[in-house]
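Presented below is the structure to which this report refers.
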Amino acid sequence: MTPAPTLTIRGVKVWQEALDRAEQEALVADLRSVAAAAPLFSPETRWGKKMSVRMTSAGRFGWYSDRRGYRYEPRHPSGVAWPPIPDRVLRLWHRLAGTERAPDCCLVNFYAEGARMGLHQDRDEADFSFPVLSVSLGDDGLFRIGNTEPGGSTESLWLRSGDVVLMGGDARLVHHGVDRIRHGSSTLLPEGGRINLTLRVVT
Ligand code: SIN
Ligand code: MN
């Protein structure tokens with residue numbers, strides 16, 4: 001059985017403090033190995049502007065963006081295959097995502113001071129019946145949740161290190177984004193900053 005979320009906002013489930021400090025530290029160590037094999041890069045939007053968030057991926061597919069648009073790629077821009085999704089991350093997916101199917105992609109977003117992510121939908125995947133699971137590590141991030149349709153009112157909450165968010169069912173295609181981070185609010189990453197992992201079934 002999936003544990004009950006501590007909060008549900010517009011159908012988006014939030015498990016606050018789902019991961020204790022030791023689990024968070026172990027995840028960061030796993031992610032350092034991922035970033036060593038597939039270094040962080042700053043993708044360009046379709047309009048040719050560099051994103052403020054740096055990213056990389058693990059899994060069969062990595063999320064990628066440039067002037068040709070948003071898509072999944074089987075390789076890192078350097079040509080190497082994406083490293084496998086760490087077991088610890090897969091265990092978390094199976095604990096909370098409520099599906100037997102394993103994710104194909106673990107996107108790793110890194111928010112340094114001043115980085116943000118505009119309101120968007122996750123819709124580059126083939127089958128929206130699978131949920132999106134997202135894990136916050138490090139500094140607090142102000143997460144904004146809108147609607148499935150563009151526009152309308154939004155609600156925001158601060159995501160803290162160890163919080164896990166699920167966008168599934170009627171909330172699978174809600175608009176969401178990160179307005180800002182509170183740099184230095186967590187001691188998890190010695191240099192500060194926020195990591196977000198986004199797990200998705202792609203094909
Ligand atoms: C994303 O939507 O790709 C990232 C969300 C987050 O950083 O919490
Ligand atoms: Mn997203």
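As the structure lists them, so they are numbered: ligands from 1, and atoms in each ligand from 1. None of these values were measured; they are calculated from a predicted model. We use all heavy atoms of the structure for the numbers below, so side chains are in, but hydrogens, waters and symmetry mates are not.
Contact annotation: for V165 versus ligand 1, there are no heavy atoms closer than 4.0 Å.
The atom name of the N/O/S atom in D122 closest to the Mn ion (ligand 2) is OD1. The N, O or S atom of H120 with the smallest distance to the Mn ion (ligand 2) is NE2.
Near V178, meaning under 4.0 Å from one of its heavy atoms, ligand 1 places the atoms 6 (C), 7 (O), 8 (O). Every atom of ligand 1 with a heavy atom of M117 under 4.0 Å away is listed here by number and element: 1 (C), 2 (O), 3 (O), 4 (C).
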Walk me through whether E125 and R123 qualify under salt bridge (charged side-chain N to carboxylate O under 4.0 Å, His left out). CA-CA 5 Å; E125 301 73 34; R123 54 177 318 140; over 6 Å; no
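Residues R194 and S136 bring a donor and an acceptor atom of their side chains to less than 3.5 Å of each other. If you check the side chains of T198 and D122, you find no donor sitting under 3.5 Å from an acceptor. Neither side chain, S52 nor R116, offers a donor N or O lying under 3.5 Å from an acceptor on the other. A donor-acceptor pair shorter than 3.5 Å can be found between the side chains of H120 and H176.
Considering backbone and side-chain atoms together, Y111 places an N or O closer than 3.5 Å to an N or O of ligand 1. On a distance-only criterion, N196 and ligand 1 share at least one N/O pair closer than 3.5 Å. Annotation: R194 places an N or O atom under 3.5 Å from an N or O atom of ligand 1; distance criterion only. Between H176 and ligand 1, an N or O atom pair is found at a separation short of 3.5 Å.
By the 6.0 Å and 45° rule, R54 does not stack over the aromatic ring of F41.
Taking hydrophobic clusters as Ile, Leu, Val, Met, Phe, Trp and Tyr residues chained together by side-chain heavy-atom distances below 4.5 Å, V108 shares a cluster with V28.
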